[in-house]
Amino acid sequence: MTDRTTNGHRLRRQCRGASAVALLLACALLAACGSLPPLPPRALDTHATDTQATALGRAVRATDPGDGRSGVRPLSDPLEAFAARVLLVRAAERSLDIQYYIWRDDTTGRWLLEEIAQAAQRGVRVRLLLDDNGIAGLDEPLARLDAHPSIEVRLFNPFVHRGFKPLGYLTEFSRLNRRMHNKSLTADAQVTLVGGRNIGDVYFGADESLDFADLDVLAAGPIATEVAGAFDAYWNSTLAYPIALLLPEQAAAAAGAAPPASHPIHERNAPTERVRGDYAQALRATPLAVDLAAGRLDLQWVPVRLVVDPPAKAAGESALSDLLVVQLDRALGQALREVDLVSPYFVPGRAGTEALTRYPGQGLRVRV
């Protein structure tokens, strides 16, 4: 009995040892056969300028007090938030700079890709920068978009293994664990939309079972230029890879395919009648639609500051003083009455907790 037990333990130890060796061999093979392609030399690529004469530029100037303040409009309603994105894409005449962490392969995700394709068909220059962690199922549609001469798609901090991306964490966890959570859509460098919403049905009231509460801000004036500059920094980062470099086969196939705007690319995720009707109504009657039709933008003009992590943070190369949390602490340092924070991720840590808890002692109200 003892011999059998001992032999059984020995066998299990051998099996565990064999499994560990197999795992190590698999990791070694992954490391050996998978690496990002080298980036070719490329010139600095920046946002459009001299766009004041566009329709959006004229709409901004119609109400801009010209004193350095920025115009803002909060968007809490999910249908209005989706309509705002579509309307900005449709209103763009010169450029669209779009940056997101998650872009889902569903009704609203495909719908917006089609709107972008149609904008490019009108001659609008599109730069689309997406974090590679949140675009499951979209390699082929994005490669088709990138094939259009007016569209360039780049993926931030990309995975080498496209079929099952989590394999990359076995060999490159330190790099791949640093993601780009930025979210912005800027049209003609005149009007921008920033906030908490990614692109997907759960963010825009199109999912029958789940709806995320969130907040966006439509903004214009000096802050739009600042957001455009922040986009440039990420777009020109060494972690922003042209999708054609990562997907050469799909890129080659897309080069000979029909233009992406020649057929609906969201048809396989056709919206329900409720969603279709709600969105059609929002695109006609949302306050932004009414404003744009009248050539104006109803905004609140207030002092605004932009704080954003540098792209070098994702490479582990940024200085502490450049990080968003430090910038935010500096920006909040002059608060006089209250501090309000809205975020889906609230992990302040010891330093953040100490920073926030000092405000009540100074007579300020803090709401998170």
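Values in this document were obtained by computation on a predicted structure and should not be read as measured data.
Applying the ring-ring contact (aromatic ring centres under 6.0 Å, His included) test to every pair with at least one member in residues 70-93, sequence neighbours left out, gives these pairs: Phe82-Trp111, Phe82-Phe204, Phe82-Tyr279. Listed by first and then second residue, the salt bridge (Lys or Arg N to Asp or Glu O under 4.0 Å) pairs involving residues 118-134 are Asp45-Arg125, Asp45-Arg127, Asp97-Arg127, Arg127-Asp232, Asp131-Arg179, Asp132-Arg162, Asp132-Lys165 (not counting sequence neighbours).
A continuous path of Ile, Leu, Val, Met, Phe, Trp and Tyr side chains, each step under 4.5 Å between heavy atoms, connects Leu87 with Val191, placing both in one hydrophobic cluster. The cluster map of Ile, Leu, Val, Met, Phe, Trp and Tyr, joined by side-chain heavy atoms under 4.5 Å apart, puts Ile243 and Val160 in the same cluster. The hydrophobic cluster containing Leu356 does not contain Leu336, counting ILVMFWY residues as joined when their side-chain heavy atoms lie under 4.5 angstrom apart, directly or transitively. Placement of Ile116 and Ile135 within a single hydrophobic cluster is found when ILVMFWY residues are connected by side-chain heavy-atom separations under 4.5 Å, directly or transitively. Cluster annotation: Leu185 and Leu283 are assigned to the same hydrophobic cluster (Ile/Leu/Val/Met/Phe/Trp/Tyr, side-chain heavy-atom contacts under 4.5 Å, transitive).
To the nearest 0.5 angstrom, Leu56 atom CG is 11.5 Å from Thr192 atom OG1. Here the OH atom belonging to Tyr234 is positioned 9.5 Å from the CG atom belonging to Leu129, to the nearest 0.5 angstrom. The CG atom of Leu297 lies 5.5 Å from the CG atom of Leu292; values are rounded to the nearest 0.5 Å. Here CG of Asp309 is found 10.5 Å from CG of Leu328. Values are rounded to the nearest 0.5 Å. Taken to the nearest 0.5 Å, the CZ atom of Arg154 stands 10.0 Å off from the CG atom of Leu245. With rounding to the nearest 0.5 angstrom, the CG atom of Leu247 is 7.0 Å from the CG atom of Leu155.
Side-chain atoms of Arg85 come within 3.5 Å of backbone N or O of Ala81 as a donor-acceptor pair. Judged by distance alone, with hydrogens and angles left aside, the side-chain atoms of Thr54 form a donor-acceptor pair with the main-chain N or O of Gly57 at under 3.5 Å. Using a distance-only test at 3.5 Å, with no hydrogens or angles considered, a donor-acceptor pair links the side chain of Thr357 to the main chain of Glu354. A donor-acceptor pair under 3.5 Å is formed between the side chain of Thr51 and the backbone N or O of Asp188. No donor-acceptor pair under 3.5 Å is formed between the side chain of Glu80 and the backbone N or O of Thr286. Without hydrogens or angle criteria, Asp106 side chain to Asp201 main chain gives a donor-acceptor distance under 3.5 Å. The backbone N or O of Val194 lies less than 3.5 Å from no partner atom in the side chain of Ser184, so there is not a single donor-acceptor pair. At distances below 3.5 Å, at least one donor-acceptor pair connects side-chain atoms of Gln327 with backbone N or O atoms of Val308. At least one donor-acceptor pair under 3.5 Å links the side chain of Asn157 to the backbone N or O of Arg178.
The closest side-chain heavy-atom distance from Asn198 to Asp214 is not below 4.5 Å. With a 4.5 Å cut-off on side-chain heavy atoms, Leu288 and Arg73 count as touching. Taking the side chain as every heavy atom from C-beta outward, Leu246 and Pro37 approach each other to under 4.5 Å. Contact check for Asn236 versus Pro311: no side-chain heavy atoms found under the 4.5 Å cut-off. The closest side-chain heavy-atom distance from Leu88 to Leu218 is below 4.5 Å. Considering only heavy atoms from C-beta on, Val126 stays 4.5 Å or farther from His148 through its side chain. Between Tyr101 and Asn133 the shortest side-chain heavy-atom distance falls below 4.5 Å. Side-chain atoms of Asp298 and Thr63, non-hydrogen and from C-beta on, never get closer than 4.5 Å to each other.
Within a 6.0 Å sphere centred on CD of Glu140, heavy atoms belonging to other residues, nucleotides or ligands number more than 12.
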Problem set entry | Intermediate values then yes/no, side-chain contact (heavy atoms from CB on, under 4.5 Å), Leu193 and Leu75 | CA-CA 9 Å; Leu193 207 163; Leu75 300 174; 4.1 Å; yes

Exercise. How far apart are the C-alpha atoms of Trp103 and Ile98, what are their side-chain angles, what is the distance that settles it, and do they pass the side-chain contact (heavy atoms from CB on, under 4.5 Å) test?
Worked result: CA-CA 11 Å; Trp103 195 297; Ile98 303 171; 3.8 Å; yes

For this session: Test Arg350 against Thr353 for side-chain contact (heavy atoms from CB on, under 4.5 Å), laying out the working first.
Result: CA-CA 5 Å; Arg350 183 185 300 274; Thr353 300; 5.9 Å; no

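Listed by chain and number, the residues in a side-chain hydrogen bond (donor to acceptor under 3.5 Å, both in side chains) with Arg42 amount to none (sequence neighbours excluded). Taking Trp235 as the reference, Phe231 meet the ring-ring contact (aromatic ring centres under 6.0 Å, His included) condition, with sequence neighbours excluded. The side-chain hydrogen bond (donor to acceptor under 3.5 Å, both in side chains) search around Asp67 returns Arg69, not counting sequence neighbours. Partners of Glu317 under the salt bridge (charged side-chain N to carboxylate O under 4.0 Å, His left out) rule, at least two apart in sequence or in another chain, do not exist in this structure. Applying the side-chain hydrogen bond (donor to acceptor under 3.5 Å, both in side chains) rule to Tyr241 yields no partners; only residues at least two apart in sequence or on another chain are considered. For Arg365, the side-chain hydrogen bond (donor to acceptor under 3.5 Å, both in side chains) partners at least two apart in sequence or on another chain are Glu338. Residues passing the ring-ring contact (aromatic ring centres under 6.0 Å, His included) test with Phe212 are Tyr203, sequence neighbours excluded. Legend: residues meeting salt bridge (charged side-chain N to carboxylate O under 4.0 Å, His left out) with Asp340, ordered by chain and number and at least two apart, are Arg367. Listed by chain and residue number, nothing satisfies the salt bridge (charged side-chain N to carboxylate O under 4.0 Å, His left out) test with Arg284 (two or more places apart in sequence, or in another chain). For Ala147, the side chain to side chain contact (heavy atoms under 4.5 Å, CB included) partners at least two apart in sequence or on another chain are Ala254.
Closest approach of Ile199 to Gly109, counting heavy atoms only: CG2-CA, 3.8 Å. Residues Pro360 and Val366 share a closest heavy-atom pair of CD-CG2, 4.1 Å. In terms of heavy-atom proximity, Ile151 sits nearest to Ala117 at CD1-CA, 4.3 Å. The two atoms that bring Leu299 and Ala220 nearest to each other are CD1-CB, 3.8 Å, heavy atoms only.
Under 4.0 Å is where a charged nitrogen must lie from a carboxylate oxygen, and between Asp207 and Arg104 no such pair does.
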